[in-house]
Undergrad: 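Sharing a structure with you now.
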Amino acid sequence: MMTYKTVQLTSMLFASVVSFASLAETPQPDPRPTPNRAPMVTPDAPSVAAKAYVLMDYHSGRVIAEENAYDSLNPASLTKMMTSYVIGHEIREGNISLDDDVTITKNAWSKNFPDSSKMFIEVGKTVKVHDLNRGIVIQSGNDACVAMAEHIAGTEGAFVDLMNSWAKQLGMKDSYFENSHGLDSENHKTTAYDMALLGAALIRDVPEEYRVYSEKSFTYNGIKQYNRNGLLWDKSLNVDGIKTGHTSGAGYNLVASGTSEGMRLITVVMGTASESARKAESKKLLNYGFRFFETITPYKAGDTFITQKIWYGDRETVDLGVMTDTPITINRGKAKDLQANFELTKELTAPLAKGETVGRVYFQLDGQDIAQYPLVTLNAVEEGSWFSKLMDYFKQMFSSWFE
């Protein structure tokens, strides 16, 4: 278990960066002779046979490895991740229900998609949202996408506007959607990096929706279809999603996510040569990440990071810390080198409510910022008496003379 050295930080009043605090205790010299040990070395990421790829840490959004991550490419059925994200959001907000009946129009007829994946829904029939949703996620049904788009927004075009609006909110700066299913279209483009962002958003924002991605098969209308994400069957990994895609213009794509020892990684491979290649290249990246990196949590929710002087309050100090856990993924063996600092962005003057954001905590490795979290008050501070506030006024005035 990680131990913590007493934090010795330079106290600053306002908007000032403080000195670094080591997160690991300094080891005591061992009098016994020990053999020389080579430092832990992290090799370069493996070669990946794809047009573009990304290996991302879910918790921090840190890109561990990438190539051509910002190249504009055809998403193919990775598009359905955004369709699914919108569906999950609409269900979560109560705008639609899993038990809603959806009447299938001619636009959503499976015969409109003769040479592509479909759920085999029929015009005029009613289908439950929970079935259409599985038809999209598991069977990759283009017909189901159009049916759900019309159910949510009236027309597929209006639904696509929702998709693009959400893409902007999620920071997917290089993505633009022209349909709900992913068949190749001139301006229907994305990047490997944007797909990693979208995968993280599915896991974080709509967890109930994300659970569907781990289901290996779905039967509708007497037709059983299997999830095309072959990594779901790989017992050497704990993969629980996400989505495949293929068109002639895109090649074979796969966004995958798995966990190990508290660590969650997201991989994106786009433009591989075959189904087997997208699976093999994704597995290669996941194995690399799990083998040579680890996730540690320096501070838990509610932990005190620093205690600071507060002015004009009914108490002398206020505890500052984090309201959420702080998982950070770093190279294995580097935990002892992790450092932290903080910056105050708000003057510590009473009154302050519990949980009020007053700055940021920064974690650094080898001089580089690798993660940051809000620094908040862990206890409320009310205004002090008139006398204590008067004393603080003079103390603050005197201290300013020597700054």
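All heavy atoms count here, side chains included; hydrogens, waters and symmetry mates do not. For the single chain, residues carry numbers from 1 onward in sequence order.
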Undergrad: I need the minimum non-hydrogen distance between Thr79 and Ala76, along with the two atoms involved.
TA: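 Shortest heavy-atom contact: OG1-O, 2.8 Å.
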Undergrad: What pairs with Tyr70 under ring-ring contact (aromatic ring centres under 6.0 Å, His included), at least two apart in sequence or on another chain?
TA: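 Listed in chain order: Tyr193.
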Undergrad: Is the CD atom of Glu93 crowded by more than 12 outside heavy atoms at less than 6.0 Å?
TA: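 Result for CD/Glu93: enclosed.
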Undergrad: Aromatic contact between Tyr176 and His188, with the criterion being ring centroids under 6.0 Å apart: yes or no?
TA: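 They do not qualify: ring centres at least 6.0 Å apart.
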Undergrad: Within a radius of less than 6.0 Å around CG of Asp44, do more than 12 heavy atoms belonging to other residues, nucleotides or ligands occur?
TA: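 No, not enclosed.
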Undergrad: Using a 3.5 Å distance criterion without hydrogens, assess whether the side chain of Asn221 forms a donor-acceptor pair with backbone atoms of Ile223.
TA: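 Checking the backbone N and O of Ile223 against the side chain of Asn221, no donor-acceptor pair under 3.5 Å is found.
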Undergrad: Go through the steps for Ser257 and Tyr213 under the test side chain to side chain donor-acceptor pair (under 3.5 Å), then give the verdict.
TA: CA-CA 10 Å; Ser257 183; Tyr213 285 80; over 6 Å; no
Undergrad: Donor-acceptor check, side chain of Thr377 to backbone of Gly355, threshold 3.5 angstrom: yes or no?
TA: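 Such a contact is found between Thr377 side chain and Gly355 backbone.
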Undergrad: Looking at every non-hydrogen atom in both residues, tell me the closest pair between Ser282 and Leu231 and how far apart they are.
TA: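 Taking Ser282 first and Leu231 second, the nearest heavy atoms are CB-CD1, 3.8 Å.
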Undergrad: Between Thr83 and His181, does a side-chain contact (heavy atoms from CB on, under 4.5 Å) hold up when you go through it step by step?
TA: CA-CA 8 Å; Thr83 299; His181 41 69; over 6 Å; no
Undergrad: Indicate yes or no for a side-chain donor-acceptor contact from Lys243 to the backbone of Gly241 under 3.5 Å, with no hydrogens or angles considered.
TA: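 No: the side chain of Lys243 does not pair with the backbone of Gly241.
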Undergrad: Of Asn238, Asp57, Asp240, which meets side chain to side chain donor-acceptor pair (under 3.5 Å) against Arg264?
TA: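 Among the candidates, only Asp240 passes.
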Undergrad: Looking at every heavy atom in both Ile330 and Ile296, which two are closest together, and how far apart are they?
TA: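 Minimum heavy-atom contact is CD1-CD1, 3.9 Å.
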Undergrad: With sequence neighbours excluded, tell me which residues meet ring-ring contact (aromatic ring centres under 6.0 Å, His included) with Tyr288.
TA: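 If we apply the ring-ring contact (aromatic ring centres under 6.0 Å, His included) test to Tyr288, skipping adjacent residues, the hits are Phe292, Phe293.
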Undergrad: Can you list everything that forms a salt bridge (charged side-chain N to carboxylate O under 4.0 Å, His left out) with Asp161? Sequence neighbours excluded, please.
TA: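 Asp161 satisfies salt bridge (charged side-chain N to carboxylate O under 4.0 Å, His left out) with no residue once adjacent residues are dropped.
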Undergrad: Once you round to the nearest 0.5 Å, how far does OG1 of Thr329 lie from CG of Leu265?
TA: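 Result: 6.5 Å between the selected atoms.
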Undergrad: Do Ser77 and Ser140 have a side chain donor and acceptor closer than 3.5 Å?
TA: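 Present: a donor and an acceptor within the cut-off.
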Undergrad: Which is it for Thr191 and Asp174 under the side chain to side chain donor-acceptor pair (under 3.5 Å) test, yes or no, and what are the steps along the way?
TA: CA-CA 6 Å; Thr191 66; Asp174 300 309; 4.7 Å; no
Undergrad: Contact between Leu320 and Phe305 at the side-chain level, heavy atoms closer than 4.5 Å - yes or no?
TA: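 Result no, sub-4.5 Å side-chain heavy-atom pair not found.
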Undergrad: Where the side chain of Glu150 meets the backbone of Ile104, is there a donor-acceptor pair that is under 3.5 Å apart?
TA: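 Here the side-chain-to-backbone pair does not exist.
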Undergrad: What's the spacing between Gln139 CD and Ser117 OG if we round to 0.5 Å?
TA: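 Those atoms lie 9.5 Å apart.
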Undergrad: Between Arg92 and Asp205, is there a side-chain N and carboxylate O pair less than 4.0 Å apart?
TA: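 Here Arg92 does not pair with Asp205 in a salt bridge, since their nearest N and O are not under 4.0 Å apart.
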Undergrad: Is any side-chain heavy atom of Leu197 less than 4.5 Å from a side-chain heavy atom of Leu170?
TA: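 Heavy-atom side-chain distance check fails, nothing below 4.5 Å.
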Undergrad: Going by atom types alone, do His59 and Thr295 pair a side-chain donor with an acceptor below 3.5 Å?
TA: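 No, no side-chain donor-acceptor contact under 3.5 Å.
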Undergrad: Would you call Met195 and Asn253 a side-chain contact if the rule is heavy atoms closer than 4.5 Å?
TA: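 When only atoms from C-beta onward are counted, Asn253 and Met195 do not touch, as no gap falls below 4.5 Å.
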Undergrad: Name all pairs fulfilling the salt bridge (Lys or Arg N to Asp or Glu O under 4.0 Å) condition that reach into residues 122-140, sequence neighbours left out, sorted by first residue then second.
TA: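 Every salt bridge (Lys or Arg N to Asp or Glu O under 4.0 Å) pair that includes a residue of residues 122-140, provided the two are not neighbours, is Asp101-Lys128, Glu122-Lys125, Arg134-Glu215.
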Undergrad: Is there a donor in the side chain of Thr297 and an acceptor in the side chain of Asp325, or the other way round, less than 3.5 Å apart?
TA: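 Result is no, nothing qualifies.
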Undergrad: My understanding is that only residues two or more places apart in sequence, or in another chain, count here; which of them pass side-chain hydrogen bond (donor to acceptor under 3.5 Å, both in side chains) with Glu156?
TA: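 For Glu156, the residues satisfying side-chain hydrogen bond (donor to acceptor under 3.5 Å, both in side chains) (neighbours in sequence not counted) are Ser180.
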Undergrad: Looking at every heavy atom in both Ala50 and Thr272, which two are closest together, and how far apart are they?
TA: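 Looking at all heavy atoms of both residues, the shortest contact is CB-CG2, 3.6 Å.
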Undergrad: Could you state the interatomic distance from CE (Met82) to CZ (Phe159), rounded to the nearest 0.5 Å?
TA: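 Taking CE in Met82 and CZ in Phe159, the distance rounds to 9.5 Å.
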Undergrad: Answer whether the closest heavy-atom distance between the side chains of Leu344 and Gln308 falls below 4.5 Å.
TA: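 The answer is yes, as the side chains (C-beta and beyond) meet within the 4.5 Å cut-off.
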Undergrad: Quick one, Arg360 and Pro374 - any side-chain contact, counting heavy atoms below 4.5 Å?
TA: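 Yes, at least one pair of side-chain atoms sits under 4.5 Å.
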Undergrad: Relative to each other, are the rings of Phe363 and Tyr299 parallel, tilted or perpendicular (30° and 60° limits)?
TA: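 Because their plane-to-plane angle lies in the 30° to 60° range, the rings of Phe363 and Tyr299 count as tilted.
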Undergrad: How many angstroms lie between CD1 in Ile242 and CG in Leu198, if you round to the nearest 0.5 Å?
TA: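 That separation rounds to 8.0 Å.
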Undergrad: Leu78 and Thr190: side-chain contact (heavy atoms from CB on, under 4.5 Å), yes or no, with the steps?
TA: CA-CA 9 Å; Leu78 300 187; Thr190 192; 5.7 Å; no
Undergrad: When you measure from the side chain of Arg332 to the backbone N and O of Phe290, does any donor-acceptor pair fall under 3.5 Å?
TA: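 Such a contact is found between Arg332 side chain and Phe290 backbone.
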Undergrad: If only atom types and distance count, is the side chain of Asp337 paired as donor or acceptor with the main-chain N or O of Leu365 below 3.5 Å?
TA: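 No: the side chain of Asp337 does not pair with the backbone of Leu365.
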Undergrad: Is it true that atom CD of Glu261 has more than 12 heavy atoms of other residues, nucleotides or ligands lying nearer than 6.0 Å?
TA: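 No.
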Undergrad: For Lys106, is the NZ atom crowded, meaning more than 12 foreign heavy atoms sit under 6.0 Å from it?
TA: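 Not buried by this count: 12 neighbours or fewer within 6.0 Å.
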Undergrad: When you look at Asp234 and Lys283, which way does the salt bridge (charged side-chain N to carboxylate O under 4.0 Å, His left out) test go after all the steps?
TA: CA-CA 9 Å; Asp234 192 320; Lys283 181 174 181 177; 2.9 Å; yes
Undergrad: Hey, what do you get for CG (Asn187) to CZ (Phe177), rounding to the nearest 0.5 Å?
TA: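 Between atom CG of Asn187 and atom CZ of Phe177 there are 13.0 Å.
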Undergrad: Who are the ring-ring contact (aromatic ring centres under 6.0 Å, His included) partners of Trp109, not counting sequence neighbours?
TA: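 Trp109 satisfies ring-ring contact (aromatic ring centres under 6.0 Å, His included) with no residue once adjacent residues are dropped.
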Undergrad: Identify the two heavy atoms, one from Ala371 and one from Ile328, that lie closest to each other, and give their separation to 0.1 Å.
TA: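 Smallest heavy-atom distance, with atoms named: CB-CG1, 4.0 Å.
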Undergrad: Would you compute the distance between atom CG of Asn379 and atom CZ of Arg315 and round it to the nearest 0.5 angstrom?
TA: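 Taking CG in Asn379 and CZ in Arg315, the distance rounds to 4.0 Å.
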Undergrad: Between Asp143 and Phe120, which heavy-atom pair has the shortest distance, and what is it?
TA: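 It is OD2-N, 2.9 Å.
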